[in-house]
Amino acid sequence: MKIALGSDHGGYNLKNAIKKHLEEKGIECEDFGTNSSESVDYPEFGMKVAEAVVSGKCEKGIVCCGTGIGISISANKVPGVRCAVVSDTFSAAMSREHNNANVLALGERVIGVGLALKIVDVWFNTEFAGGRHERRVDKITDIEKKYSK
Ligand code: RB5
């Protein structure tokens with residue numbers, strides 16, 4: 001399993017903490033930047049992580065910015081990505097179990113590192129339930145198809 005990581009400057013420290021956490025668990029990460037606290041634009045990094053996931057290069061992705069919002073909106077523009085902004089462990093589990101989220105977004109200015117790492121663990125340890133949720137996720141894909149040219 002290889003995980004794509006990306007952030008802007010607002011999520012840079014959290015991305016680094018997540019990378020260390022995952023690597024300590026033996027999970028391989030590919031870091032798509034940013035590589036410093038210098039101000040950058042989050043869409044670039046949301047897109048890179050999203051593309052790595054939909055291409056199959058990475059199995060899942062984690063993106064961080066100040067709130068998790070801008071970078072999640074950006075990632076979700078790439079067809080095939082289901083990126084969930086999460087600030088609690090219940091939503092982390094549900095985003096996997098019900099929504100089959102393949103990218104997790106976290107806000108460095110919203111939650112502490114301890115909670116963020118717990119969310120990451122819950123997110124990785126929760127499987128998609130399928131069944132009626134499969135039908136609903138398929139309907140999300142139908143919306144993508146309707147609007148993609
Ligand atoms: C950067 O200042 C900030 O706007 C960004 O990290 C993020 O919070 C946007 O959604």
Side-chain angles (χ1 to χ4, degrees), residues 1-25 27-126 128 133 136-137 139-149:
M1 171 161 80
K2 188 155 131 185
I3 302 305
L5 299 177
S7 76
D8 71 351
H9 54 290
Y12 174 64
N13 293 315
L14 182 56
K15 170 172 67 74
N16 287 345
I18 292 167
K19 186 177 179 182
K20 182 170 174 282
H21 180 70
L22 293 177
E23 286 179 345
E24 279 171 4
K25 288 173 179 286
I27 297 172
E28 192 186 351
C29 297
E30 183 157 352
D31 189 343
F32 289 89
T34 190
N35 299 313
S36 78
S37 298
E38 195 180 318
S39 184
V40 289
D41 298 333
Y42 54 78
E44 187 186 327
F45 303 94
M47 184 184 74
K48 282 181 182 170
V49 168
E51 287 177 346
V53 172
V54 296
S55 70
K57 189 177 188 198
C58 294
E59 189 182 307
K60 290 189 177 76
I62 300 179
V63 290
C64 305
C65 65
T67 58
I69 297 170
I71 202 159
S72 70
I73 293 172
S74 309
N76 274 319
K77 295 296 177 189
V78 177
V81 164
R82 291 175 301 280
C83 178
V85 193
V86 169
S87 300
D88 65 275
T89 54
F90 178 74
S91 301
M94 289 304 103
S95 75
R96 289 285 310 123
E97 195 175 314
H98 287 193
N99 313 119
N100 201 11
N102 51 11
V103 179
L104 172 66
L106 298 162
E108 180 178 322
R109 298 172 186 162
V110 181
I111 56 171
V113 177
L115 176 56
L117 298 183
K118 184 75 186 165
I119 286 170
V120 166
D121 288 344
V122 168
W123 196 71
F124 279 116
N125 289 325
T126 308
F128 180 47
H133 302 294
R136 293 163 185 164
V137 170
K139 287 186 177 183
I140 295 174
T141 307
D142 290 345
I143 298 171
E144 281 179 347
K145 285 182 188 151
K146 181 176 175 186
Y147 286 97
S148 64
K149 279 276 171 299

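No experiment lies behind these values; they were computed from the predicted model shown. Start at 1 and go down the list; that is how both ligands and their atoms are numbered.
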Student: Quick test: of every protein heavy atom, which one is nearest to atom 2 (O) of ligand 1, and how far off is it to 0.1 Å?
Tutor: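 Result for atom 2 (O) of ligand 1: Arg109 NH1, 3.3 Å.
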Student: If every non-hydrogen atom of Cys64 is compared with every non-hydrogen atom of Ile18, which pair is closest and at what distance?
Tutor: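 Here Cys64 and Ile18 meet closest at SG-CD1, 3.8 Å.
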Student: Of all the non-hydrogen atoms in the protein, which one sits nearest to atom 8 (O) of ligand 1, and at what distance?
Tutor: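 For this ligand atom, the closest protein heavy atom is Thr67 N, 3.0 Å.
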Student: List the atom of Thr126, the atom of Ala93, and the distance in Å for their closest heavy-atom pair.
Tutor: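 Heavy-atom minimum between the residues: CG2-O, 3.4 Å.
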Student: Once you restrict to heavy atoms under 4.0 Å, what part of Asp8 touches ligand 1? Side chain, backbone, both or neither.
Tutor: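 For Asp8, the contact with ligand 1 is made by the side chain alone.
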Student: So is His9 touching ligand 1 or not, going by heavy atoms under 4.0 Å?
Tutor: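 Contact check His9 vs ligand 1: positive.
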Student: Indicate the atoms forming the closest heavy-atom contact of Glu144 with Pro79, along with that distance.
Tutor: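 Shortest heavy-atom separation between Glu144 and Pro79 comes out as OE2-CA, 3.5 Å.
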Student: Do the non-hydrogen side-chain atoms of Asn100 and His133 ever get within less than 4.5 Å of each other?
Tutor: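 No, too far: nothing below the 4.5 Å cut-off.
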Student: What's the shortest distance from atom 9 (C) of ligand 1 to any protein heavy atom, and which residue and atom give it?
Tutor: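 Answer, as residue, atom name and distance: Tyr42 CE2, 3.4 Å.
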Student: Take Val63 and Phe32 through the side-chain contact (heavy atoms from CB on, under 4.5 Å) test and state the conclusion after the steps.
Tutor: CA-CA 10 Å; Val63 290; Phe32 289 89; over 6 Å; no
Student: How far is atom 10 (O) of ligand 1 from the closest protein heavy atom, and which atom is that?
Tutor: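 Ranked first by proximity to atom 10 (O) of ligand 1 is Gly70 N, 2.9 Å.
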Student: Only heavy atoms of Gly66, strictly under 4.0 Å: list the atoms of ligand 1 that pass.
Tutor: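 By the 4.0 Å cutoff, the relevant atoms are 5 (C), 6 (O), 7 (C), 8 (O).
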Student: Tell me: protein heavy atom nearest atom 7 (C) of ligand 1, and distance?
Tutor: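 Of every protein heavy atom, Cys65 SG, 3.4 Å lies nearest to atom 7 (C) of ligand 1.
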Student: Check Thr34 against Lys15 and note the closest heavy-atom contact, atom names and distance.
Tutor: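 Closest pair (atom of Thr34, atom of Lys15, distance): O-NZ, 3.0 Å.
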